[in-house]
Amino acid sequence: MTKTMSDEKLEKLRLKREKELAYWQKQKARPKGNFYFWYLVLIIALIYAVDEIASQIGALMQTEIANDFFVSDSAVTLLNLLQVIAIPFQIVGIFYRPLADRFGRKTFLLINTFGMSVAMLTIFLSQNVFMYFFGACLIMFFIPHDMHVVYIMESSPAKSRAITYSVIKFFANMSVLLVPLLRSWLMETASQWRKVYLIPAIVGIVVSLIALICARETDTFIDTRIRYLSMTDEEREAERQKKSAQDSQGGVIDALKFGFKHKQLRWIYICFALAGVGVIGSLNYQAILTHGYAMSIHGSNVKEFLDIVSVNEVNKAIALYPIGMAISQVIMGFISDKKGRKAAAITVAANCVVSFVIFAVGSRYNLLTPAIVGFFCGAFVGSYYSTNDVLIMMASESAPTNLRSSTAAAQTVVGFAGYAVAFILNMILALIFGDGIIGTVALCLLVPSFAVTLVALIKKTHDTKGIDLDTVTGLEWD
């Protein structure tokens, strides 16, 4: 008797699942070797370094890029406005990341690394603002996914997960030293900023090829996928009815519904949005440095002195920027594993505010040497990102495996609420008063938003140290 169309579809689906199950079982059976974990750490560290450089390189040359493309007292703000137009690329990326919950971490680790490297190469070759904009859009698409972080989370022993993460993060942050070094070596004038992009782009392409050959899929993903594919249709239906949204093999909507339904993730999401209000300082720190020194040293006619400041005081300041950033972030990991994730989040959020005030006021009134100002600038940015990283880690450790990557994507959606408030206020004021106002706006946004974040962290969230990622359900804190 001829099968109906629905029977044929079911048979094809069954065969497809069996084929995929056999593939993952074969991958699970492959021997790792005694030193696999250590060379995996090396690979992830190199990928993280490429990610950090791609994340920071534009910000570390923000004023030079802006003034090359725009003749305006609000050049930095116009560049930011152009990048805001690229937000749709990030939105598309939000729905791209959860695919790693279905198809595996390694594929997207490779795609992201290669993609951001090609994006930097595109910017190096750019001859106009439109080509630069295309490269910047590619970077904005690939950077937020942080698949290397998922690798660390799922490949490290639970007792040393945060320390492993922080050590790798420290190495990645120190690699950003390459940018000020390249500035000093290659930039005789501010207009030569494109040269700085070439070497990081080449390194990223090489690293992605190394990862293709040497990195394996994470055991956590393989085990979860094997379990899912081994179920009968009846078992999957029973599981779906029992766990509702938890049964989904990934998806932003499911992660949002699940997160806001349960206390722990709900407050982590809220803290993430509040921290997002302080984003202006973390994005415009180079403009704050440049305009601060230009105003404090040269006073009037600031625009005329921006290029002079950028190859003198700013170059001196950002030389210690990566060190301040790396130290502030490695501390987070040790506090996290010794005292807990919550203690780490509170510590780095407080340090973020203190460091920002020191670097912003120090540059604006020329109270400290550029090296010290640059160190605290790095400490501020590092602490800002560490706050986000701890919140991401807490969310990941508060979510079930099959929604873990999707939860991070959902967190980004929630973060857009804070980003929107910050961008709109900064854009309006900077277009009216010029880029010199950015430091004041950042101060007025960051200090109160982080104060509320600290209160919420202390009173509403719970520690996730030692959580078993294979068994966590997200319901433990309700």
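Quantities reported herein were computed from a predicted structural model and do not represent experimental measurements. Residue indices begin at 1 and follow the sequence shown.
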Backbone of [Y] reached by a side-chain donor or acceptor of [X] within 3.5 Å:
| X | Y | value |
| --- | --- | --- |
| Ser449 | Leu446 | yes |
| Ser126 | Ile123 | yes |
| Thr290 | Ala287 | no |
| Gln411 | Leu391 | yes |
| Glu217 | Arg105 | yes |
| Ser363 | Ala360 | yes |
| Lys460 | Ile268 | no |
| Tyr197 | Leu125 | no |
| Asn312 | Ile308 | yes |
| Lys465 | Lys338 | yes |

Mind checking the CD-OG1 spacing from Glu397 to Thr464? Nearest 0.5 Å is all I need.
-> 4.0 Å
Could you give the distance from CZ (Phe258) to CG (Leu265), rounded to the nearest 0.5 Å?
-> 6.5 Å
Could you tell me whether Phe108 atom CZ has more than 12 heavy atoms of other residues or ligands within 6.0 Å of it?
-> yes
Phe133, CZ: over 12 other non-hydrogen atoms inside 6.0 angstrom =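 It does: Phe133 CZ has more than 12 such atoms within range.
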If I compare all heavy atoms of [X] with all of [Y], which pair ends up nearest, and what's the gap?
| X | Y | answer |
| --- | --- | --- |
| Ile43 | Ala215 | CD1-N, 4.1 Å |
| Gln286 | Ala59 | CB-O, 2.9 Å |
| Ala349 | Phe450 | O-CD2, 3.6 Å |
| Tyr321 | Val381 | OH-CG1, 3.3 Å |
| Phe359 | Phe376 | CB-C, 3.9 Å |

Does the side chain of [Y] come within less than 4.5 Å of [X]'s, by heavy atoms?
| X | Y | result |
| --- | --- | --- |
| Val361 | Leu368 | no |
| Lys195 | Met187 | no |
| Thr113 | Asp51 | no |
| Leu283 | Phe423 | yes |
| Glu64 | Gln192 | no |

For the rings on Phe356 and Phe380, is their centre-to-centre separation under 6.0 Å?
-> yes
Is the centre of the Phe260 ring less than 6.0 Å from the centre of the Tyr269 ring?
-> yes
Sequence neighbours excluded - ring-ring contact (aromatic ring centres under 6.0 Å, His included) pairs with any residue from residues 386-406 |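 Matches after skipping sequence neighbours: none remain.
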Mind listing the side-chain donor-acceptor pairs of residues 428-442 below 3.5 Å, one per line with the distance, residues two or more places apart or on another chain?
unit_1: Asp435; atom_1: OD1; unit_2: Thr77; atom_2: N; d: 3.1
unit_1: Asp435; atom_1: OD1; unit_2: Thr77; atom_2: OG1; d: 2.7
unit_1: Asp435; atom_1: OD2; unit_2: Ala75; atom_2: N; d: 3.0
unit_1: Asp435; atom_1: OD2; unit_2: Val76; atom_2: N; d: 2.7

Using side chain to side chain donor-acceptor pair (under 3.5 Å) as the criterion, list what pairs up with Thr218, not counting sequence neighbours.
-> Glu154
Can you check side-chain contact (heavy atoms from CB on, under 4.5 Å) on Trp267 and Lys263, steps first, answer last?
-> CA-CA 6 Å; Trp267 280 103; Lys263 179 181 177 182; 4.0 Å; yes
Less than 4.0 Å between a side-chain N and a carboxylate O, is that true for Glu52 and Lys169?
->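 Salt bridge between Lys169 and Glu52, a charged N being under 4.0 Å from a carboxylate O: yes.
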